[in-house]
Amino acid sequence: MAVKRIEAEPSTLVVELDHAALIIIDMQRDFLEPGGFGETLGNNVALLKAAVPPLQKLLDAARACKMLIIHTREGHRPDLSDAPKHKVERGEPSLRIGAPGPMGRILIRGEPGHDIIPELYPAPGEPVIDKPGKGAFYQTDLELMLKNREIDTLFVCGVTTEVCVNTTVREANDRGFRCIVLSDCCASYFPEFHAAGLAMIKAQGGIFGWVAASPHVVAAMDSP
Ligand code: TIU
């Protein structure tokens, strides 16, 4: 049994890596590349790129220690039947969900923009969860997959910190999973929301979970 101590806030953790999974949230071209959903909302998508190099190292380490790795993608069916009206119609994006853009229809499954960026592309056999909402548990089979594998701890990373990462961590916390969020492997279009998103997770003794810098987790994965 691979039991490891991991430096985290608000406290050091003891984790059985055999019962842990890496959950990578929405590292999709639609959020990270120009011409996608993130940019249509008026955001500077370059701000999310900082999370990619540390996440590549974390992904390599998780693959090497044979941890369960699950990728998620936010998006909708081509007929938009699973897209809430208020989600599609809100705000004043330059292109709405479903509209044709340079990477295909915005946030639609099967389109180039909906897929995961090449740098972090899932390896064969790594599950990909397609989710219609912000949280990875909402209307997906993620909880079933984790319970069937006897997973109790989730290393969570991806984008954006305060939106889909935070929503997923809160869903996981209510379902009894212990979350460790990798601070440098998450990113936001709003640096102040990234900081606040992490602070909210680890406050009050870890009200939603723990926060760790990825080198501590990579070191734990790499050690024999
Ligand atoms: N807009 C924004 O910050 N995020 C999203 O719309 N989805 C995710 O966070 N994946």
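Every number for a ligand or one of its atoms is a count from 1 in the order of the listing. On a predicted model such as this, the values are computed, not experimentally measured, just so you know.
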Q) Going by an N to O cut-off under 4.0 Å, is there a salt bridge joining Asp26 and Arg73? A) no

Q: Determine, for Lys134 against Glu171, whether the closest basic-nitrogen to carboxylate-oxygen distance falls under 4.0 angstrom.
A: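 Result for this pair is no, no salt bridge flagged.
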
**Q.** Pairs flagged by side chain to side chain donor-acceptor pair (under 3.5 Å) wherever residues 31-44 is involved - sequence neighbours left out
**A.**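 Qualifying pairs: Arg29-Glu33.
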
N/O donor-acceptor pairs under 3.5 Å from side chains in residues 216-224, not counting sequence neighbours:
from: Ser223; atom 1: OG; to: Lys4; atom 2: NZ; distance (Å): 3.4
from: Ser223; atom 1: OG; to: Ala220; atom 2: O; distance (Å): 3.2

Throw together a table of side-chain donor-acceptor distances under 3.5 angstrom for residues 189-205, partners on residues two or more places apart or in other chains.
from: Tyr189; atom 1: OH; to: Phe31; atom 2: O; distance (Å): 2.8
from: His194; atom 1: ND1; to: Thr161; atom 2: OG1; distance (Å): 2.7
from: His194; atom 1: NE2; to: Ser183; atom 2: O; distance (Å): 3.4
from: Lys202; atom 1: NZ; to: Glu9; atom 2: OE1; distance (Å): 2.8

Q: List, ordered by chain and residue number, the protein residues whose closest non-hydrogen atom lies under 4.0 Å from any atom of ligand 1.
A: Asp26, Phe31, Phe37, Leu41, Glu74, Val159, Thr160, Val163, Cys164, Tyr189

Q) Side chains of Asp115 and Met103: closer than 4.5 Å at any heavy-atom pair? A)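 A side-chain contact is absent here, since even the closest heavy-atom pair is not under 4.5 Å.
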
